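The block underneath contains the structure these notes are about, expressed in structure tokens.
All heavy atoms count here, side chains included; hydrogens, waters and symmetry mates do not. Computed from a predicted model, the values in this text were never measured in an experiment.
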Amino acid sequence: MRSRTTKYGDLVMLLEDIMLLYRVETTDLLLKYMNARTRLSKRRILDHARRYSILNKMDRQIKHLDRLIHISDADCIANLRMDRNTFGRLCRILYARGGLRIGRTLGIEEQVAMFLGVLAHHDKNRRVKFQFWRSGATVSQCVHKVMCAILSLHSVLMAKPTPVPENCTDHRWKWFKGCLGALDGTHINVLVRTDDKPRYRTRKGQIATNTLAVCDRNMQFVYLLPGWEGSAGDSRILRDAVSRHNGFKVPQGCYYLCDNAYANSNGFLTPYRGVRYHLKEFGPGMEAPQDPKEMFNMRHTKARNVIERAFAVLKMRWGILRSASFYPIETQIRLIMTCFLLHNFIRREMEVDPIEMELDGCFSEVAHEDNIGVDYVDSVEPTAEWTQTRETLAMNMWMN
């Protein structure tokens, strides 16, 4: 009974707000009409009132939102990058656990749709306010509210990796027992002040931030460290992540696959230097691996390709990651984090992702477990023991 009373109470308050706005608009219209000096001016005032009244505006807002999220999954995916069921679940979790609340004349669905449109198509404020018939201040407020709600669910949306089991039969991963996934850095273009541009300039001349990302075998991200300047090296960022109090934790006995930008050390397995590594070097028409090192590098790159594939899907899904946005750098970093978290949510909730289907290959689902271990890797330094571990893996691949 209380829930029904609350529901009708909210409806009454909404109607009161609409009537108040309509009364203010009518009073303003009468004043303009009475102060108009010519018939032409009065006619223009009346024509404007018929076209842009509050009631007409609300009808268009409802129709636009209905076309986005209620007509078909294809339209919803094209505009918001997720189907209708996934969008509904996202709205519910943001309301129940993220602290997102209904405004006076702005529902949860409309707020989330505005925000997803900004991420998916990198729409500017003036474009979003035109599409949704809202003011620029309202759009800006919604973007920041939804972003904060998603970031507050960081611990819920981040994945928990599981090591490759002994009985694994996946041809990509069965050689890497105890592997948790792969990690790499990716550059994302940002807009910074002129004084900061030399620090954010990459070796290719772009102004970008270097983001360290770690994903599991199912292409879900388990750790993220954005905000580093584009000129920073990948190994330096990894050392910072491992040394942080609440940073990147790698249980002893487990490891991640990395490329040669990182050191071959405890918890981080890299390929052999100076040996064929890229998949195209082992493709059709090319020579098969000739020794244990080439065999190891080929299988290493096939498994580590999961992080490259995750980056590709991520940037295909969110247009805001493909070009610099005009927000302050702090907000840009938080938007990057939001894109990674939403990527995880979509992979969990959507059975078929059209964006992922555009890429070749597929990955199997991986069950999640808690408490992988209690001892963690606390440094990133090459060791003879870990070099011998790589030699053992390579020989095992070659002999089998």
Next item on the list: For K197, check side-chain hydrogen bond (donor to acceptor under 3.5 Å, both in side chains) against everything at least two apart and list the hits.
Entry: none

Next item on the list: Looking only at non-hydrogen atoms, find the nearest pair between Y262 and T270 and report the distance.
Entry: O-CG2, 3.5 Å

Checklist line | Test salt bridge (charged side-chain N to carboxylate O under 4.0 Å, His left out) applied to R334 - qualifying residues, sequence neighbours left out | finding: none

Check: Excluding sequence neighbours, so at least two apart, what forms side chain to side chain contact (heavy atoms under 4.5 Å, CB included) with A324?
Finding: N189, L191

Note to self: Return the SG to CG distance between C215 and L183, rounded to the nearest 0.5 Å.
What the structure shows: 8.5 Å

Note to self: Going by the rule salt bridge (charged side-chain N to carboxylate O under 4.0 Å, His left out), which residues pair with D123 if we only count those two or more places apart in sequence or in a different chain?
What the structure shows: R127

Note to self: Main chain of G230, side chain of R201: is a donor-acceptor contact present, judged purely on distance under 3.5 Å?
What the structure shows: no

Note to self: Let's go through Y255 and F268 carefully: what are the C-alpha distance in whole Å and the side-chain angles of both, what is the deciding distance for ring pair (Phe, Tyr, Trp, His ring centres under 6.0 Å) to 0.1 Å, and is it a yes or a no?
What the structure shows: CA-CA 5 Å; Y255 58 91; F268 306 99; 9.6 Å; no

Item checked: side-chain hydrogen bond (donor to acceptor under 3.5 Å, both in side chains) partners for R199, two or more places apart -> D196, E229

Next item on the list: Run the numbers on L212 and L238 for side chain to side chain contact (heavy atoms under 4.5 Å, CB included), then give the verdict.
Entry: CA-CA 7 Å; L212 172 67; L238 179 59; 4.1 Å; yes

Notebook entry, point to check: Do any N or O atoms from the side chain of W318 and from the backbone of L119 form a donor-acceptor pair under 3.5 angstrom?
Noted result: no

Next item on the list: Check salt bridge (charged side-chain N to carboxylate O under 4.0 Å, His left out) between E109 and all other residues, then give those that pass, not counting sequence neighbours.
Entry: none

Item checked: Residues that F115 engages under ring pair (Phe, Tyr, Trp, His ring centres under 6.0 Å), provided they are two or more places apart -> none

Notebook entry, point to check: With a 4.5 Å heavy-atom cut-off, do C258 and L269 have their side chains touching?
Noted result: no

Note to self: Which residues pass the side-chain hydrogen bond (donor to acceptor under 3.5 Å, both in side chains) test with T338, not counting sequence neighbours?
What the structure shows: none

Next item on the list: Might you point out which heavy atoms bring A232 and N210 nearest each other, and give the distance in Å?
Entry: O-ND2, 3.1 Å

Next item on the list: Take H122 and S325, measure what side chain to side chain donor-acceptor pair (under 3.5 Å) needs, and give me the verdict at the end.
Entry: CA-CA 8 Å; H122 197 185; S325 58; 4.7 Å; no

Checklist line | Spacing of CG belonging to L341 relative to CG belonging to N344, to within rounding of 0.5 Å | finding: 6.5 Å

Notebook entry, point to check: Would you say R236 has more than 12 foreign heavy atoms packed within less than 6.0 Å of its CZ?
Noted result: no

Note to self: Has R322 got a side-chain atom pairing as donor or acceptor with M316's backbone, closer than 3.5 angstrom?
What the structure shows: yes

Next item on the list: Please check if F132 and I102 belong to a single hydrophobic cluster, counting links between Ile, Leu, Val, Met, Phe, Trp and Tyr side chain heavy atoms closer than 4.5 Å.
Entry: yes

Margin query: Under a 3.5 Å distance rule, please check whether H300 uses its side chain to pair with a backbone N or O of M295 as donor and acceptor.
Written below: no

Note to self: Quick one about H187 and T209 (side-chain donor to acceptor, distance below 3.5 Å, no hydrogens or angles considered), yes or no?
What the structure shows: no

Next item on the list: Using only heavy-atom distances, determine whether the side chains of R348 and Q220 contain a donor-acceptor pair under 3.5 Å.
Entry: yes

Note to self: Is it the case that the side chain of N125 and the backbone of G136 share a donor-acceptor pair, with hydrogens and angles ignored and the cut-off at 3.5 Å?
What the structure shows: yes

Checklist line | Chi angles and distances behind the side chain to side chain contact (heavy atoms under 4.5 Å, CB included) call for M219, R309 | finding: CA-CA 8 Å; M219 289 173 52; R309 181 177 172 84; 3.4 Å; yes

Item checked: Spatial distance of atom CG (L335) from atom CD (E330) [nearest 0.5 Å] -> 11.5 Å

Check: Mind checking what makes side chain to side chain contact (heavy atoms under 4.5 Å, CB included) contact with T38, not counting sequence neighbours?
Finding: L40, S41

Next item on the list: Kindly say whether the aromatic ring centers of Y256 and F248 come within a distance under 6.0 Å.
Entry: yes

Note to self: Once side chain to side chain contact (heavy atoms under 4.5 Å, CB included) is applied, do any residues pair with R97, and if so which ones, sequence neighbours excluded?
What the structure shows: I93, L153, V156

Check: Taking all non-hydrogen atoms of both residues, which atom of Y223 and which atom of G247 are closest, and how far apart?
Finding: CE1-C, 3.7 Å

Notebook entry, point to check: Has the side chain of R172 got a donor or acceptor atom that lies under 3.5 Å from a matching backbone atom of K302?
Noted result: yes

Check: Just by modelled atom types, is the C142 backbone N or O under 3.5 Å from a matching donor or acceptor in the Q111 side chain?
Finding: no

Note to self: Suppose we screen for side-chain hydrogen bond (donor to acceptor under 3.5 Å, both in side chains). Which residues come up paired with R244, at least two apart in sequence or across chains?
What the structure shows: D240

Checklist line | Donor-acceptor contact present, side-chain H121 to main-chain N79, <3.5 Å | finding: yes

Next item on the list: Go through the steps to decide whether E166 and K177 satisfy the test salt bridge (Lys or Arg N to Asp or Glu O under 4.0 Å), and finish with yes or no.
Entry: CA-CA 6 Å; E166 291 292 334; K177 304 298 190 296; 5.2 Å; no

Next item on the list: Measure from the side-chain N and O atoms of N35 to the backbone N and O of L31, and report whether any donor-acceptor pair falls under 3.5 Å.
Entry: yes

Checklist line | Main-chain N/O of Y95 paired with R101 side-chain donor or acceptor, under 3.5 Å | finding: yes

Please tabulate, one pair per line, all N/O donor-acceptor pairs under 3.5 Å involving side-chain atoms of residues 143-152, not counting sequence neighbours.
| unit_1 | atom_1 | unit_2 | atom_2 | d |
| --- | --- | --- | --- | --- |
| H144 | ND1 | S140 | O | 2.9 |
| S152 | OG | A149 | O | 2.5 |

Notebook entry, point to check: If you measure from the Lys or Arg side-chain nitrogens to the Asp or Glu carboxylate oxygens, is any gap between K160 and D216 under 4.0 Å?
Noted result: no

